[in-house]
Amino acid sequence: MKNTLIKAICAAAFILSVGPAFAEKPVLGVAEFKNTATGVYWWRGGVGWDLSSMLTNELASTNAFTLVERSKLEPVLAEQDLADYGRVRKGTGAKVGQLTGAQYLVLGTVTAFEDKVAKTGGGVSFKGIRVGGKKGDAYLAVDLRVVDSTTGEIAFVRTVEGRASTKGINLGLYRGGFGGNLAKEEKTPTGKAIRAAVIEIADYLECAMVTKGGCMAEYDAKESKRRASGKKSLKLD
């Protein structure tokens, strides 16, 4: 009897210790990013979906979420239509009504952007590209909202910042990594600030929605610092 009780206690402790690993992962869909900031020279058609794809990849790499595709549904729906119309061999086509629905929709809006170059030293700057030794700095702020797709309520909200600086860049190093409309920004301060913000969003969501607990202290401290800095910059009569 005693051994049975001990085994039961050990089993319960094991389940409690590994439970979160077996818990159902939150299902997320990342919407197209929006932009309300001024002077964002790199924002052009398609960038909103490029940022959505970047964040989707970062969230998937955490292995903490199930991600559903929302930006490229047309090929999936077309494949389902082929089966629905009887144009593929019976039993081999994609089934209609089997798409996984997102529990939460992640919404991101770029609300601030700055791109500066130090005035010392030589070199030139054009649209975020640094050549010839000047030091460039970039800052990006993204207002993040996570909406419960069932109730429409905002479940999580946060302003996430990305900062980066670098010295002059070789023009031959721009391509690769980002892809799409942001490809040429990868090695620039702007590109690094974008990447920093996207990674910060993914880490924050993993903490807030999955890990929870003590990890939130770091993000709460960052939020308090951001708000305090914002208040200092305000000039009130």
Side-chain angles (χ1 to χ4, degrees), residues 28-65 67-76 102 104-118 123-147 158-206 222 226:
L28 305 184
V30 182
E32 179 183 14
F33 272 56
K34 304 299 181 183
N35 171 50
T36 61
T38 57
V40 187
Y41 65 84
W42 44 269
W43 193 277
R44 57 186 68 87
V47 165
W49 281 120
D50 291 343
L51 292 174
S52 171
S53 295
M54 288 174 62
L55 179 55
T56 297
N57 289 345
E58 289 294 340
L59 289 169
S61 71
T62 68
N63 200 34
F65 304 97
L67 278 299
V68 294
E69 183 64 82
R70 284 294 175 265
S71 64
K72 301 175 182 177
L73 275 180
E74 285 189 15
V76 177
Y104 299 95
L105 189 62
V106 181
L107 309 173
T109 302
V110 177
T111 54
F113 173 74
E114 294 180 11
D115 186 24
K116 298 180 180 179
V117 184
V124 296
S125 169
F126 178 70
K127 293 188 175 181
I129 299 175
R130 312 286 177 237
V131 182
K134 282 191 175 182
K135 182 179 179 181
D137 298 281
Y139 166 81
L140 180 77
V142 178
D143 280 1
L144 176 72
R145 287 179 295 160
V146 179
V147 179
R158 181 76 42 151
T159 295
V160 176
E161 298 175 306
R163 301 175 186 273
S165 64
T166 188
K167 293 182 179 180
I169 301 296
N170 186 311
L171 285 174
L173 299 179
Y174 285 143
R175 294 273 176 200
F178 277 31
N181 293 285
L182 293 173
K184 66 181 181 181
E185 302 297 341
E186 181 177 15
K187 300 296 184 179
T188 68
T190 294
K192 292 182 178 182
I194 291 172
R195 176 66 74 186
V198 169
I199 292 174
E200 182 77 357
I201 291 173
D203 289 347
Y204 163 71
L205 291 180
E206 181 181 10
K222 288 180 180 180
R226 182 192 68 81

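These numbers come from the heavy atoms of this one structure, side chains and all, not from hydrogens, waters or symmetry mates.
Counting heavy atoms from C-beta outward, Leu51 and Leu55 have side chains that stay 4.5 Å or more apart. With a 4.5 Å cut-off on side-chain heavy atoms, Lys116 and Tyr139 do not count as touching.
Proximity of a side-chain donor or acceptor of Thr109 to a complementary backbone N or O of Lys34 within less than 3.5 Å is not detected.
Atom OG1 of Thr62 is separated from atom CG of Asn57 by 11.5 Å, given to the nearest 0.5 angstrom. To the nearest 0.5 angstrom, Phe33 atom CZ is 7.5 Å from Leu144 atom CG. Here the straight-line distance linking atom CG of Asp137 with atom OG1 of Thr190 works out to 10.5 Å at 0.5 Å rounding. Atom-to-atom distance recorded for Lys222:NZ and Arg158:CZ is 10.0 Å, nearest 0.5 angstrom. Taking CE of Met54 as the reference point, atom CD1 of Ile201 lies at 9.5 Å (rounded to 0.5 Å). Here the CD-CG distance, from Glu200 to Leu205, works out to 10.0 Å after rounding to the nearest 0.5 Å.
Here the closest non-hydrogen pair linking Ala141 and Thr159 is CB-CG2, 4.5 Å. The two atoms that bring Ser52 and Glu32 nearest to each other are CB-CA, 4.3 Å, heavy atoms only. A pairwise comparison of heavy atoms in Val146 and Tyr104 identifies CG1-CB, 3.7 Å as the closest pair. Between Trp42 and Glu185, the closest heavy-atom pair is CB-OE2, 4.1 Å. Nearest heavy atoms, Ala37 versus Ala112: CB-N, 3.6 Å. The two residues Ala164 and Lys192 have their closest heavy-atom pair at CB-CB, 3.4 Å.
Evaluated for a side chain to side chain contact (heavy atoms under 4.5 Å, CB included) with Thr111, the options Thr36, Leu140, Asn35, Val142 yield exactly one hit, Thr36.
When the side-chain contact (heavy atoms from CB on, under 4.5 Å) test is applied to Asn181, the partners found at least two apart in sequence or on another chain are Arg44, Val47, Asp50.
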